[in-house]
2 protein chains.
Amino acid sequence: MLNYSTSEENHIKAIYHLQKDGSVTTNELAAELKTRPASITDMMKKLRTKKLVHYEAYKGFRLTAEGRKLALIIIRRHRLWEFFLAEKLKFSWEEVHEVAEDLEHVSSKKLIDKLDEYLGFPRFDPHGDPIPDAQGRIETSKQVCLTELPPGKQGIVCYVSDQSSGMLELLGHKKIGMGTRVEIRKRFSYDQSMEIKVKQQITTISGDLARNIFVKYDE
Amino acid sequence: MLNYSTSEENHIKAIYHLQKDGSVTTNELAAELKTRPASITDMMKKLRTKKLVHYEAYKGFRLTAEGRKLALIIIRRHRLWEFFLAEKLKFSWEEVHEVAEDLEHVSSKKLIDKLDEYLGFPRFDPHGDPIPDAQGRIETSKQVCLTELPPGKQGIVCYVSDQSSGMLELLGHKKIGMGTRVEIRKRFSYDQSMEIKVKQQITTISGDLARNIFVKYDE
DNA sequence: AATTAAATTTAGACAAACCTAAAAAAAATA
DNA sequence: TATTTTTTTTAGGTTTGTCTAAATTTAATT
């Protein structure tokens, strides 16, 4: 595997994040990276010669297969470090991103694969974003607390933080378990309770319960 | 605390390592960093304006108090990462240096202090070199296996890797404990046994025993 | 469709960190 | 001490990644 500069890596990563569908524009990328449009044009020419992006003047750019592979490597590094910082070093949720921005450019593959193993092959970073595996495969879903599932979106229960018998009894009664599909129908700001659809039925759950249920959903 | 480039940090660190006593020369530093002498001159001028080195043309250079402080910060980062890689990620002894060369340039103080705490405030890296603490204080001694104590040097026992009762019995008999001063008098290559001086007396210990005793000594 | 506005690219400059080749200073030696 | 050798510095060039200002292309509006 070739080696890329921090700046090249940051450009590739930014394109990956912006490129939801269709192509990314010069101004968008300049805004994202806090540089000037002229600098973006220069860099795109370079990344084109390195076959990391498809680029034609005035037509925007998209990652090549190679470019996407690199983006996933960088995102893997970033999210594994975020997990490490939060889980092992007890950084708070909001602090991990900035430090991971630096750590993600240390490029030893062996380091990252061993870190992954040490952390127990986590699937989601502290923000709920999926972590690509060593082969660059990534889940399309994001993991969030049920309280943050966008209303109308289908979520799949994947984790419950409180494993007490009281919690399990309640979950059993509501017919909620690992893999159950849920969807938020209505939220009440007064007490954070919500009406959700579970197995074709509507039930109400408390904010306390919702805060302990985590779901995956596609963005 | 200001921020320095990777290249500046590497120069500062190299000067620290070469500057045993007296000043460091242009050629020495160029050899150490695998650059050309002309490049060293350029960098020394820059580091002088930043008040990190004392430098006068043709007279070599030494770190200022400020420069030494920076060097110790970089060495602290390097050795803590080495410890992490060996202890937690199970990298081998010889592999840790190269990866730590990259990690040492990630400059978050909070990261390093939390890493230090997570690792249990280790005092020596996997090579036996002392790790500076958060205030930049560093022990002058190096920690090595008794088999590697230079003959004639005084060593102080600081760690015994095998804590079995058999080992403790033997150590008690030989009057060797934590803090005991030892000195190698003669080594026998045939079976790695050695004659050592302990409390004014000469005794013989086996290679097996020596391999489990660790000592600190000043270089 | 013509004109104006916005986005993008080109052209030329700059700083950082390196380089080579030549000049100057210091050290070694005859 | 005079001369040669070695070390160090200066002068000028290169690459990377950024910038500004001007030119060009594309998109929007009248």
Side-chain angles (χ1 to χ4, degrees), chain A residues 2-16 18-63 67 70-71 74 101-102 104-107, chain B residues 2-15 18-20 22-63 67 70-71 74 101-102 104-107:
Chain A
L2 280 165
N3 228 45
Y4 300 99
S5 73
T6 294
S7 181
E8 288 170 334
E9 290 191 350
N10 283 336
H11 281 76
I12 290 295
K13 190 177 52 143
I15 296 170
Y16 181 91
L18 293 174
Q19 175 195 293
K20 292 285 157 203
D21 47 286
S23 60
V24 180
T25 70
T26 304
N27 272 0
E28 276 179 307
L29 196 50
E32 174 80 11
L33 292 170
K34 297 177 200 322
T35 66
R36 297 321 192 106
S39 310
I40 298 297
T41 302
D42 287 349
M43 184 57 85
M44 288 310 112
K45 285 179 182 169
K46 191 211 285 198
L47 295 181
R48 178 176 54 190
T49 71
K50 296 196 175 186
K51 297 199 191 299
L52 294 172
V53 300
H54 294 295
Y55 167 56
E56 228 181 310
Y58 299 103
K59 300 251 177 86
F61 17 83
R62 297 179 345 272
L63 295 177
L70 176 57
I74 300 162
E101 283 291 292
D102 288 337
E104 75 184 6
H105 300 293
V106 175
S107 64
Chain B
L2 282 165
N3 227 47
Y4 300 98
S5 74
T6 293
S7 182
E8 288 170 335
E9 291 191 350
N10 283 336
H11 280 76
I12 290 295
K13 189 176 52 140
I15 296 170
L18 293 174
Q19 175 194 294
K20 291 287 154 195
S23 61
V24 180
T25 70
T26 304
N27 272 0
E28 276 178 309
L29 195 50
E32 174 80 10
L33 291 170
K34 295 176 202 319
T35 66
R36 297 319 192 106
S39 310
I40 298 297
T41 302
D42 287 350
M43 183 57 84
M44 287 311 112
K45 285 179 181 168
K46 192 210 287 195
L47 295 182
R48 178 177 54 191
T49 71
K50 296 196 175 186
K51 298 198 192 298
L52 295 172
V53 299
H54 295 295
Y55 167 56
E56 228 181 307
Y58 299 104
K59 300 248 177 90
F61 16 84
R62 299 180 343 273
L63 295 177
L70 176 56
I74 300 163
E101 284 290 292
D102 288 335
E104 76 184 7
H105 300 293
V106 175
S107 63

Can you name the residues that form a side-chain hydrogen bond (donor to acceptor under 3.5 Å, both in side chains) with B/Glu32, not counting sequence neighbours? none
With sequence neighbours left out, what residues match B/Ser7 under side-chain hydrogen bond (donor to acceptor under 3.5 Å, both in side chains)? none
Got a list of protein N/O to nucleotides 10-15 of chain D N/O distances below 3.5 Å?
{"from": "D/dT10", "atom 1": "OP2", "to": "B/Lys45", "atom 2": "NZ", "distance (Å)": "2.6"}

Gap between atom OH of B/Tyr4 and atom CG of B/Leu70 - 0.5 Å precision: 6.0 Å
Rounded to the nearest 0.5 Å, the CZ atom of A/Arg48 sits from the CD atom of A/Glu56 at a distance of 8.5 Å
Residues which pass side chain to side chain contact (heavy atoms under 4.5 Å, CB included) with A/Asp102, listed by chain and number, not counting sequence neighbours: B/Val106
How would you label the contact of A/Ser39 with the nucleic acid (heavy atoms, under 4.0 Å): base, sugar-phosphate, or nothing? base
Rounded to whole angstrom units, what separation is found between the [atom1] atom of [X] and the [atom2] atom of [N]?
{"X": "A/Ile40", "N": "C/dT10", "atom1": "CD1", "atom2": "P", "answer": "15 Å"}
{"X": "B/Asn3", "N": "C/dA16", "atom1": "CG", "atom2": "P", "answer": "15 Å"}
{"X": "A/Lys59", "N": "C/dT9", "atom1": "NZ", "atom2": "P", "answer": "11 Å"}
{"X": "A/Met43", "N": "D/dT18", "atom1": "CE", "atom2": "P", "answer": "5 Å"}

Examine C/dT20: is either OP1 or OP2 under 4.0 Å from a nitrogen or oxygen in the side chain of B/Arg36? Give yes or no. yes
C/dA6, OP1 or OP2 - any side-chain N/O from A/Asn27 closer than 4.0 Å? no
Going by the rule ring pair (Phe, Tyr, Trp, His ring centres under 6.0 Å), which residues pair with A/Tyr55 if we only count those two or more places apart in sequence or in a different chain? A/Phe61
Would you check, one step at a time, whether the test side-chain contact (heavy atoms from CB on, under 4.5 Å) holds for B/Gln19 with B/Leu29? CA-CA 10 Å; B/Gln19 175 194 294; B/Leu29 195 50; over 6 Å; no
What pair of heavy atoms forms the shortest contact from B/Thr26 to B/Pro37, and how long is it? CG2-O, 3.5 Å
Kindly state which residues belonging to residues 4-13 of chain A come within less than 4.0 angstrom of DNA chain D, counting heavy atoms of the residue only, listed by number. A/Ser5, A/Ser7, A/His11
